[in-house]
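Let me begin by presenting the structure, written as structure tokens, before commenting on it.
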Amino acid sequence: MAQADKKKPGKLLVVSGPSGSGKSTLCRLAVQKTAAQLSISATTRPRSDQEVHNQDYFFLTEVEFQQRIDADQFLEFANVFGNYYGTPIEPVEKCLEQGLTVILEIDVQGATQVFSKNAQAIGILILPPSDEELKRRLCNRKRDSQETIEKRLAEAKNEIEIARQSGRFKHTIVNDNLEEALQKLVDIINQGQPQ
Ligand code: 5GP
């Protein structure tokens, strides 16, 4: 292929933050407002009634997930709250080759793996405005048991600390006001793109 035909590779954005920070809502809205692609993860966690297979996640059995690990099909994977989550590598690589911006909405353990493989990946940390607000959001979404909520709250502090220590999260967005937080994420996605 002639050099001039080669597209500039797309940007890889890694969005992390504690559950309840609102990162998945922000990412879903941001891809509607931009040309960025949201990577679909695989997981072994059970599908909720609101979720669609192949759209929200690829819902896999543990055996299927392990087969994909063995076949080296994940860019990263991690065990989060007792379930496996992983980013299928092939669609991400294809989009980047086509010059598209790709967003990975993943936990901090996974983000660390991506950063070690891809020096250009840009980290974005989404934070709740306060511990109290995080607890309120987790309780309000009525998805998790009390035990899970407590686990997620304890994990949140740990996750934020690891993210900060990694030094790889170039951007931090405090999700106090959804519209403002969304605009910040959209601006980061569009940075360096022709308008
Ligand atoms: P949930 O079960 O609430 O959808 O996600 C639980 C956690 O798993 C969230 O922090 C979410 O960002 C993370 N997660 C989702 N997909 C992936 C993935 O592909 N890899 C990793 N490492 N974490 C993921």
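Whatever order the structure lists ligands and atoms in, that order sets their numbers, starting from 1. Counting from 1, the numbers follow the sequence of the chain as shown.
Under the 30°/60° scheme for interplanar angles, the aromatic rings of Phe77 and Phe65 are found to stand perpendicular.
Contact residues of ligand 1 (protein heavy atom closer than 4.0 angstrom to a ligand atom; sorted by chain and number): Lys23, Ser41, Arg45, Tyr57, Glu76, Ala78, Val80, Tyr85, Gly86, Thr87, Glu105, Ile106, Asp107, Gly110, Arg143, Arg152.
Applying the side-chain contact (heavy atoms from CB on, under 4.5 Å) rule to Val31 yields the partners Ala36, Leu38, Ile103; only residues at least two apart in sequence or on another chain are considered.
In this structure, Val15 is a member of the same hydrophobic cluster as Ile173, with clusters built from ILVMFWY side-chain heavy atoms closer than 4.5 Å.
The CG atom of Leu182 sits 10.5 Å away from atom OG1 of Thr25, with the distance rounded to the nearest 0.5 Å.
Sorted by first and then second residue, the pairs that involve residues 86-106 and meet salt bridge (charged side-chain N to carboxylate O under 4.0 Å, His left out), not counting sequence neighbours, are Lys23-Glu105, Glu90-Lys94. Among pairs with a residue in residues 50-78, those fulfilling salt bridge (charged side-chain N to carboxylate O under 4.0 Å, His left out) read Arg28-Asp56, Arg45-Glu51, at least two apart in sequence or across chains.
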